[in-house]
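Structure, as structure tokens:
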Protein chains: 2
Amino acid sequence: MGAAKKAGEGKKITISELAEEFGITPRAIRYYEELGLLCPHRKSPTSQRLYDEKDRVRLKLILRGKRFGFSLAETREILELYEADPTERRQIQRTLEYGLEHLLEIDEKIDELKELRREMLEFARRFLKILESMAEEDPRPDPRLRKFLESYRPRLEAVAKRKI
Amino acid sequence: MGAAKKAGEGKKITISELAEEFGITPRAIRYYEELGLLCPHRKSPTSQRLYDEKDRVRLKLILRGKRFGFSLAETREILELYEADPTERRQIQRTLEYGLEHLLEIDEKIDELKELRREMLEFARRFLKILESMAEEDPRPDPRLRKFLESYRPRLEAVAKRKI
DNA sequence: AATAACCTTTACGTTAACGTCAATTTCATG
DNA sequence: CATGAAATTGACGTTAACGTAAAGGTTATT
């Protein structure tokens, strides 16, 4: 019964497979490891790296961090939260404090993004109106302009209506 | 009456004043100009740069872009949207297309941030429970631990309750 | 066991986004 | 108008986040 556990322990993949899966290069993955963000299993210290599901999840978080403008060092701090020793009280406290801080940062970012969204939406609408009034005033409106307006308006409104 | 307009045209400030206002260095501001993101007024091409409210708004957008992981080149593209020539139809069309693209990108980022937020919240709660159960099982609980728990719980719930 | 395909480390190269001088110029002020 | 503070233009340095090439080890397949 102990053996059964070890048997179905999920498939491991190589570095280039993982890289392709995420559209990055093996070099990048090794670099993340160099900075302590990843730590894949290896049969011997010189043999190939083998990545499992946990590694995939971590890599996903790393890339997400990048998209939000976190440096790899910052992302590493966040990742360390996810694996703090759950037996050390003091350690848990620090983890919780840190986590709350990052939560507040994330909320700020969301707020800012929403504001940027509002501004850009308003901006797009203003420009759209200019274009529409140009089309109306034109005695012989360009058919391509008509087509553009007909396709653009609903697309913009679809984005505008989204509940974010 | 034409003169009155020109008179109250808002105050202009120097580069180091602007820099201090945003907590960055003059060098950074000059660098943004070098990349075409700013273009302050100058009395002669060799004299001091003087920044007005419009420049301040642009700089704010630049720094916000940075916080979201946009490169300066990307931010420049976005900024160019904001000053497209409103007499060239074709130009307006491209601006609108571009703007919509960026809006979709922003929506994606917001979604991802929300997901990250959910995950981190869940995570914090799980860790908090561990700590709480440790405190309950302890026959002589550490008063500092009690204090921490009492301050942390409401703080976390305040964040959790926020409508984002 | 040979061989190709893939992996490993080592090491130097590159780009973006500034930092940091240094050598002038310009500006405000007594 | 002198003079000290602040601004300007080079020009080179730095750091993060990889890219790239070389030289050799591992794995899978025939």
Side-chain angles (χ1 to χ4, degrees), chain A residues 11-52 55-56 58-80 102 105 109, chain B residues 11-52 55-56 58-80 102 105 109:
Chain A
K11 219 203 166 195
K12 308 226 179 194
I13 61 177
T14 75
I15 195 168
S16 53
E17 288 169 332
L18 185 64
E20 174 147 4
E21 192 177 323
F22 284 91
I24 60 180
T25 68
R27 171 67 172 112
I29 297 179
R30 289 197 198 97
Y31 183 64
Y32 301 150
E33 181 177 344
E34 212 175 304
L35 299 191
L37 290 122
L38 284 174
C39 182
H41 174 247
R42 299 172 91 148
K43 294 182 180 172
S44 94
T46 123
S47 75
Q48 292 179 202
R49 297 163 171 85
L50 292 174
Y51 298 87
D52 62 9
D55 296 314
R56 236 210 290 309
R58 281 179 84 87
L59 184 52
K60 203 179 291 184
L61 286 170
I62 294 170
L63 297 179
R64 178 153 64 187
K66 292 202 62 183
R67 283 195 296 279
F68 297 144
F70 292 142
S71 73
L72 292 177
E74 287 170 320
T75 299
R76 179 184 164 173
E77 286 186 354
I78 299 185
L79 285 177
E80 277 167 1
H102 277 288
E105 276 178 41
K109 288 206 176 193
Chain B
K11 218 205 167 192
K12 308 226 180 194
I13 61 177
T14 76
I15 195 167
S16 53
E17 289 169 332
L18 184 64
E20 174 148 3
E21 190 177 325
F22 284 92
I24 60 181
T25 68
R27 172 65 172 111
I29 297 179
R30 288 197 199 97
Y31 182 64
Y32 301 151
E33 181 177 344
E34 213 176 305
L35 298 191
L37 290 125
L38 284 173
C39 182
H41 174 248
R42 298 172 91 146
K43 295 182 179 173
S44 95
T46 121
S47 76
Q48 292 180 205
R49 295 162 171 87
L50 292 174
Y51 298 86
D52 62 9
D55 296 316
R56 236 212 285 321
R58 281 180 84 87
L59 184 52
K60 203 177 291 183
L61 286 170
I62 294 169
L63 298 178
R64 177 153 67 187
K66 291 203 63 182
R67 284 196 296 279
F68 298 143
F70 291 143
S71 73
L72 293 177
E74 287 170 320
T75 299
R76 180 185 164 172
E77 286 188 352
I78 298 185
L79 285 177
E80 278 168 359
H102 276 289
E105 276 178 41
K109 289 206 176 193

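Chain identifiers are assigned alphabetically (A, B, ...) following the order of the sequence lines, protein sequences preceding nucleic acid strands; residue numbering begins at 1 within each chain.
Contacts between residues 29-39 of chain A and DNA chain C, counted as heavy-atom distances below 4.0 Å, involve A/Arg30. For the segment residues 18-25 of chain A, no residue has any heavy atom less than 4.0 angstrom from an atom of DNA chain C.
Around CD of B/Glu20, the count of heavy atoms belonging to other residues, nucleotides or ligands within 6.0 Å does not exceed 12.
Proximity of A/Glu80 to A/Arg76: side-chain heavy atoms (C-beta onward) are separated by under 4.5 Å at one or more points. In this structure the side chain of A/Arg30 reaches within 4.5 angstrom of the side chain of A/Ile15, judged on heavy atoms. With a 4.5 Å cut-off on side-chain heavy atoms, A/Thr75 and A/Leu61 do not count as touching.
A sub-4.0 Å separation between OP1 or OP2 of C/dT26 and a side-chain N or O of B/Lys43 is absent. Checking the phosphate oxygens (OP1, OP2) of C/dC7, a side-chain nitrogen or oxygen of A/Ser16 falls inside 4.0 Å. For D/dT8, the OP1/OP2 oxygens have a side-chain nitrogen or oxygen of B/Arg49 closer than 4.0 Å. For C/dC7, one of the phosphate oxygens OP1 or OP2 lies less than 4.0 angstrom from a side-chain nitrogen or oxygen of A/Thr14.
With C/dG19, D/dA7, C/dT26 as the candidates, the nucleotide lying closest to the side chain of B/Ala28 is C/dG19.
Note that B/Lys109 lies in the cation-pi zone of B/Phe70, set by a 6.0 Å cut-off to the ring centre and a 45° limit from the axis.
Where B/Thr46 and B/Arg27 meet DNA chain D, the nucleotide closest to each residue was compared, and B/Thr46 sits on the side nearer the 5' end.
The separation between A/Lys12 atom NZ and D/dT27 atom C1' is 17 Å, rounded to whole Å.
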